[in-house]
Amino acid sequence: ATQSYLDAIENPELVKIVIDFALKLNLLVQNTFFETVGLFNGGTFSTHVQWIKGRVISESIDPFHLTSVDFFEEWGREPVEKIFSYYDGGVIHLHSNGRHLLEKVSQIKGIKAIRLVDEPGNPSTISILSTLHQKRGIVPLVISVPYPIFTSLLKQHQLIGNIFYMVDDVPDKYTANILMEKVRSYNYE
């Protein structure tokens, strides 16, 4: 990875060739996926948002998690916007060490949602959500939240809107169904 970052500075023309090759390869993979799997009810199944309308791809900007926002703007934004433009947009995930990119990632043309991934050694997304959600503009976030925390926030009417809450460790299907009844009647303010 270190050599890749150095190459971007020391040999930018080579890196641009590699990025162009990666775009072509990624388009081949994504097009093959859509030709083989197709859409379901006009949308795409996704690991990040479950189902989303249109031909929407999941894309990674993992190499930029360890870089500055300026480096992402110079090297990461354009390739992501380019591949999103071939489809109906895309979903990106950010690891805990990439949260500093949230504001710029939320401005990517074609972005449909951002999955915020929690990892050990970092505060959970739900614990700092009030700060993070201000940086995402109108782009929906996708976050994991433990069942007890989610139910507490639901009861206290402290859930933030325009967020896909992936509730972990729900005790059983019956409890999940009861919880969903409460969620459906919840009024986000």
Side-chain angles (χ1 to χ4, degrees), residues 29-62 65 80 83-84 87-103 105-189:
V29 170
Q30 297 294 348
N31 289 337
T32 301
F33 170 81
F34 284 117
E35 289 168 10
T36 305
V37 176
L39 300 181
F40 179 79
N41 287 339
T44 306
F45 285 115
S46 165
T47 57
H48 297 305
V49 292
Q50 311 313 304
W51 179 92
I52 190 165
K53 184 178 180 181
R55 293 180 348 140
V56 177
I57 63 169
S58 292
E59 191 56 58
S60 172
I61 60 163
D62 287 1
H65 286 66
V80 172
I83 194 163
F84 283 1
Y87 304 99
D88 295 316
V91 178
I92 288 180
H93 68 274
L94 285 178
H95 294 274
S96 300
N97 63 351
R99 290 174 177 159
H100 64 287
L101 301 172
L102 178 58
E103 185 174 353
V105 169
S106 70
Q107 296 167 6
I108 290 173
K109 291 177 191 152
I111 190 80
K112 299 297 182 189
I114 302 168
R115 170 78 163 107
L116 298 176
V117 180
D118 290 337
E119 287 145 332
N122 295 283
S124 66
T125 301
I126 193 68
S127 71
I128 58 172
L129 185 59
S130 61
T131 303
L132 294 175
H133 99 91
Q134 297 169 10
K135 297 177 182 180
R136 51 78 183 249
I138 61 168
V139 177
L141 298 178
V142 182
I143 69 168
S144 293
V145 58
Y147 172 76
I149 293 173
F150 182 81
T151 55
S152 174
L153 292 170
L154 181 69
K155 183 185 261 186
Q156 296 170 33
H157 207 80
Q158 293 181 342
L159 292 173
I160 297 170
N162 199 27
I163 293 179
F164 294 99
Y165 292 94
M166 297 176 71
V167 183
D168 297 327
D169 302 322
V170 178
D172 52 56
K173 289 178 187 178
Y174 175 78
T175 303
N177 288 330
I178 297 296
L179 182 60
M180 281 309 301
E181 288 177 21
K182 293 176 183 175
V183 168
R184 285 185 191 101
S185 65
Y186 190 87
N187 183 15
Y188 295 96
E189 296 172 1

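This is a predicted model, so every value here is computed, not measured. Just so you know, these numbers use all the heavy atoms, side chains as well, and skip hydrogens, waters and symmetry mates.
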Give every residue pair that meets the side chain to side chain donor-acceptor pair (under 3.5 Å) criterion with at least one member in residues 141-153, sequence neighbours excluded. R115-S144, S152-Q156

For V117, is there any backbone N or O sitting under 3.5 Å from a side-chain donor or acceptor partner on S96? yes

Judged by modelled atom types alone, do H93 and D62 share a side-chain donor-acceptor pair under 3.5 Å? yes

Are any non-hydrogen side-chain atoms of I92 and V80 less than 4.5 angstrom apart? yes

In chain order, what residues pass the ring pair (Phe, Tyr, Trp, His ring centres under 6.0 Å) check against Y165, with sequence neighbours excluded? F150

Might you point out which heavy atoms bring N97 and E119 nearest each other, and give the distance in Å? N-OE1, 4.3 Å

Working to the nearest 0.5 Å, report the span between CG of L101 and OG of S106. 10.5 Å

Donor-acceptor check, side chain of D88 to backbone of R55, threshold 3.5 angstrom: yes or no? yes

Rounding to 0.5 Å, atoms CZ (R99) and CD1 (I114) come to a distance of 13.0 Å

Mind checking whether L159 and V183 have side chains closer than 4.5 Å, heavy atoms only? no

Nearest atoms (heavy-atom pairs only) where R136 meets L102: CB-CD1, 4.3 Å

Listing request: all salt bridge (Lys or Arg N to Asp or Glu O under 4.0 Å) pairs with a residue in residues 40-49, at least two apart in sequence or in separate chains. none

Roughly how far, to the nearest 0.5 Å, is CG of L179 from CD of E181? 9.5 Å

A side-chain contact here means heavy atoms from C-beta on lying under 4.5 Å apart; do T125 and L141 qualify? no

Do the side chain of H157 and the main chain of L153 share a donor and acceptor less than 3.5 angstrom apart? no

Ring pair (Phe, Tyr, Trp, His ring centres under 6.0 Å) involving F34 - partner list, sequence neighbours excluded: Y87

How far does CG of L39 sit from OG1 of T44, to the nearest 0.5 angstrom? 5.0 Å

Is there side-chain contact between I163 and V142, with at least one heavy-atom pair below 4.5 Å? no

Closest heavy-atom pair and its distance - S185, K182: OG-O, 3.1 Å

Is it true that the side chains of D118 and S124 contain a donor and an acceptor less than 3.5 Å apart? no

Give a yes or no answer on whether the side chain of Q158 reaches the backbone of L154 with a donor-acceptor pair at less than 3.5 Å. no

Spacing of E59 atom CD and I108 atom CD1 [to the nearest 0.5 Å]: 9.5 Å

For the CD atom of Q107 and the NZ atom of K135, what is their distance to the nearest 0.5 Å? 12.5 Å

Under 3.5 Å donor-acceptor, H65 side chain and H95 backbone: yes

Can you list everything that forms a side-chain hydrogen bond (donor to acceptor under 3.5 Å, both in side chains) with T175? Sequence neighbours excluded, please. D172

Please list every donor-acceptor pair under 3.5 Å in which a side-chain atom of residues 45-52 meets a protein atom from a residue at least two apart or in another chain.
unit_1 : atom_1 : unit_2 : atom_2 : d
S46    : OG     : H48    : N      : 3.0
S46    : OG     : V49    : N      : 3.3
W51    : NE1    : F40    : O      : 2.8

